[in-house]
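Scroll down for the structure; my scribbles are underneath it.
Scope of the values below: all heavy atoms of this structure, side chains included, with no hydrogens, waters or symmetry mates. Atoms within each ligand, like the ligands themselves, are counted from 1 in listed order.
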Amino acid sequence: MASHQRSPAIKGAKVLMVGAGGIGCELLKTLALSGFEDIHIIDMDTIEVSNLNRQFLFRQSHVGQSKAKVARDAVLRFRPHISITSYHANVKDPDFNVDFFKQFNVVLNGLDNLDARRHVNRLCLASDVPLVESGTTGFLGQVTVHVKGKTECYECQPKPTPKTYPVCTITSTPSKFVHCIVWSKDLLFAKLFGDKNQENDLNVRSSDAASSSQQAEDVFERQNDEGIEEYARRIYDHVFGYNIEDALSNEETWKNRNRPKPLYSRDVFPEEPSQQNGNMDKNCATDDPLSVSAMASLGLKNPQDIWSLLENSRIFLEALKLFFGKREKEIGNLSFDKDDQLAVEFVTAAANIRAASFGIPLHSLFEAKGIAGNIVHAVATTNAVIAGLIVIEAIKVLQSDANNYRMTYCLEHPSRKMLLMPVEPFEPNKSCYVCSELFFMKLVMILMKIWQPIMLQTLRRCYLSFLLQLLVGLCSQLKTFNRSSHAILILSIERNLMRRRSLMACFYLDGRKLLE
Ligand SMILES: Nc1ncnc2c1ncn2[C@@H]1O[C@H](COP(=O)(O)OP(=O)(O)OP(=O)(O)O)[C@@H](O)[C@H]1O
Ligand SMILES: [Zn+2]
């Protein structure tokens, strides 16, 4: 690539990469081809078969070997004269301390978890080394630059927590397929196969049952004299028929919404379901409960097909019957697992039947599994684009081109015909408890020294970060002090308290006193 145009800043740079996975493999290759000659790479993992479709430095024969080492060897094959040092280790190991970080001109993250990202952020702040941070989720990705005192640190803004949905949307007014999946997985599956005593927002009484002798009973309980077929159909009619009819009786709810359609098994099946029965024998060959399959019984093969309402209804009944027929011992203790084929089939079918009732497009088992397991399939191209952007920002950092630093977002759909959206980095957040250099730290330390036993107990009990943020709030107007030791002190306090060490240990990291 640009080897003949290498700038001295690139050639002389010593770079630390953390993570040799999807982004890391691309990044190492791009760094090497861009003229970087001294690269260190840390990754704690070994190669798995599932990595091979996108982590192109790895081959089948490498499965089980260190990612960092194999990535190094693969790149050295086409760039034999550069230096690549690999560490098969956790970046949180004490060996990777402030002194270790100080030897680098820039640190580049290709990690997949918040915890390690925060740790690297703090070490970069403490050692005053710029950090280029990155992440991808399917088609989405971002690269951000964090330079102490100039731009915000990785922890200046709170990170979004996993998405949750209002309960009423899930239980009564779904408008997206994901709402149907959450209902199917967290309410229906949990109610039928999980712990019966657990609180659950699913309506447990059908309108017919309310007026009958079943009034006080849980309709999800199978009666003593009830056959599996009869039970499965009763559940079907209850959740997709009676419950929807019940919801429709509240006119207010549907004033501005499309009314759902109640579905009963007698309407969905053109003939008696006994004639539709799957071939359970197709499941007899295996002893592994996780491979029992309603799809196999019914001869449905392609997980990427979108089943009709009839097919979903057949899968629903068949999966329910298989759970009671072949996995009865587990009932009461099951929780949804994306690797449990029968559970995925059941959840997909139930979500699709509910979607059909609410006029929401149906999805394939493959798609439903992704949504239910919160799986976003990695896209190799996104990783490659992000790796390229990391190198571009790293070069700017090495050339101290601060005016041109950019946070770049990789979008799924073009915005103004652009898929990449560059934004100027934000300034450090003055109330960030990691990078803001406020008097409060001194205050915390004095308090700790005086009240060590009490503080230790209290800190162990409450959330440390909450406490620190509270103190930041109180002291945010006070003058700053001590620029360098701030982030690392936080790191040390957290690390030592979590390991239940003495409070004085907090003032030392890797044997060195942090503050006078
Ligand atoms: N604390 C850590 N120390 C060192 N390496 C880490 C740490 N945490 C995560 N990593 C590495 O970061 C990399 C992230 O890569 P990626 O997101 O592609 O994940 P993956 O495990 O390779 O793939 P997937 O999770 O999608 O199966 C992994 O190789 C992982 O080992
Ligand atoms: Zn910060």
Side-chain angles (χ1 to χ4, degrees), residues 16-28 40-58 62-63 65-71 86-96 100 107-126 131 133-138 140-141 144-159 338-339 370 373-380 382-384 386-387 425-438 465 468-469 472 476 480 483 486-488 490-491:
L16 174 65
M17 280 181 53
V18 193
I23 296 176
C25 281
E26 287 293 329
L27 181 57
L28 184 60
H40 291 234
I41 177 159
I42 304 175
D43 195 295
M44 65 182 185
D45 240 349
T46 52
I47 296 161
E48 290 177 37
V49 175
S50 62
N51 300 145
L52 302 179
N53 65 354
R54 63 188 184 286
Q55 298 175 21
F56 299 126
L57 300 177
F58 308 146
H62 297 135
V63 170
Q65 297 180 37
S66 153
K67 284 185 173 180
K69 182 174 181 309
V70 174
S86 63
Y87 308 85
H88 181 197
N90 190 324
V91 70
K92 292 177 80 174
D93 288 351
D95 286 349
F96 305 118
F100 175 85
V107 175
L108 313 175
N109 268 355
L111 286 162
D112 61 354
N113 63 86
L114 275 181
D115 187 43
R117 285 184 169 113
R118 286 192 181 125
H119 185 89
V120 175
N121 177 50
R122 293 170 190 195
L123 277 164
C124 284
L125 285 164
L131 167 68
E133 169 55 56
S134 71
T136 60
T137 318
L140 305 178
T144 52
V145 187
H146 307 282
V147 181
K148 188 174 172 185
K150 290 202 170 77
T151 68
E152 63 178 11
C153 83
Y154 178 69
E155 291 168 271
C156 274
Q157 306 295 338
K159 298 288 166 269
K338 66 177 168 44
D339 297 320
N374 289 329
I375 302 166
V376 179
H377 298 281
V379 176
T382 316
N383 287 336
I386 290 297
F426 297 120
E427 293 197 341
N429 175 359
K430 290 201 176 70
S431 343
C432 172
Y433 88 96
V434 175
C435 72
S436 73
E437 294 134 352
L438 297 168
S465 61
L468 293 176
Q469 283 180 24
V472 170
S476 57
T480 66
R483 288 185 68 81
H486 199 117
I488 208 67
I490 302 258
L491 187 78

Just checking, any donor-acceptor pair under 3.5 angstrom between side chains of Asn383 and Thr136? yes

Atoms of ligand 1, numbered as shown, that sit under 4.0 Å from any heavy atom of [X]:
X: Gly110; answer: 12 (O), 13 (C), 14 (C)
X: Leu111; answer: 6 (C), 7 (C), 8 (N), 9 (C), 10 (N), 12 (O)
X: Arg54; answer: 23 (O), 24 (P), 26 (O), 27 (O)
X: Gly19; answer: 12 (O)

Give the residue, atom name and distance (to 0.1 Å) of the protein heavy atom nearest [atom].
atom: atom 5 (N) of ligand 1; value: Met44 N, 3.3 Å
atom: atom 8 (N) of ligand 1; value: Asn113 ND2, 2.9 Å
atom: atom 17 (O) of ligand 1; value: Asp112 CB, 3.2 Å
atom: atom 18 (O) of ligand 1; value: Gly22 N, 2.7 Å
atom: atom 31 (O) of ligand 1; value: Asp43 OD1, 2.7 Å
atom: atom 1 (N) of ligand 1; value: Asn90 OD1, 2.9 Å
atom: atom 15 (O) of ligand 1; value: Gly21 CA, 3.4 Å

When you look at Gln157 and Glu152, which way does the side-chain contact (heavy atoms from CB on, under 4.5 Å) test go after all the steps? CA-CA 8 Å; Gln157 306 295 338; Glu152 63 178 11; 3.1 Å; yes

May I ask whether Lys67 has any heavy atom positioned less than 4.0 angstrom from an atom of ligand 1? yes

Is the contact between [X] and ligand 1 made by the side chain, the backbone, both, or neither, using heavy atoms and a 4.0 Å cut-off?
X: Glu48; answer: neither
X: Asn51; answer: side chain
X: Gln55; answer: side chain
X: Val18; answer: neither
X: Ala89; answer: backbone

Side chain proximity check, Asn121 to Glu133, heavy atoms < 4.5 angstrom: no

Contact check, side chains of Ser436 and Pro428, non-hydrogen atoms, under 4.5 Å: no

As a test of understanding, state which of Val120, Leu123, Val147, Leu125 forms a side-chain contact (heavy atoms from CB on, under 4.5 Å) with Leu131. Val120

So, the side chain of Thr151 versus the backbone of Val145: is there a donor-acceptor pair under 3.5 Å, distance only? yes

Go through the steps for Val63 and Leu52 under the test side-chain contact (heavy atoms from CB on, under 4.5 Å), then give the verdict. CA-CA 9 Å; Val63 170; Leu52 302 179; 4.2 Å; yes

Is there at least one pair of N or O atoms, one from Lys92 and one from ligand 1, spaced under 3.5 Å apart? no

For Val91 and ligand 1, does the shortest N/O to N/O distance drop below 3.5 Å? yes

Quick one: the SG of Cys435, the Zn ion (ligand 2), SG of Cys432 angle, rounded to 10°, please. 110°

Once rounded to 10 degrees, what value does the angle at the Zn ion (ligand 2) take between SG (Cys153) and SG (Cys156)? 120°

When the ring planes of Tyr87 and His40 are compared, do they come out parallel, tilted or perpendicular, using 30° and 60° as the limits? parallel

Under the criterion side-chain hydrogen bond (donor to acceptor under 3.5 Å, both in side chains), I'd like the reasoning laid out for His146 against Thr144: C-alpha separation, chi angles, the key distance, then a yes or no. CA-CA 7 Å; His146 307 282; Thr144 52; 2.8 Å; yes

Could you tell me whether Asp43 and Lys69 have a side-chain N and a carboxylate O separated by less than 4.0 Å? no

Is it true that Arg122 and Glu155 make a salt bridge, defined as a side-chain N closer than 4.0 Å to a carboxylate O? yes

Would you please test Lys67 and Gln55 for side-chain contact (heavy atoms from CB on, under 4.5 Å) and show each step? CA-CA 10 Å; Lys67 284 185 173 180; Gln55 298 175 21; 3.6 Å; yes

Can you name the nearest heavy-atom pair linking Ile41 to Ala20, along with the distance? CD1-CB, 3.6 Å

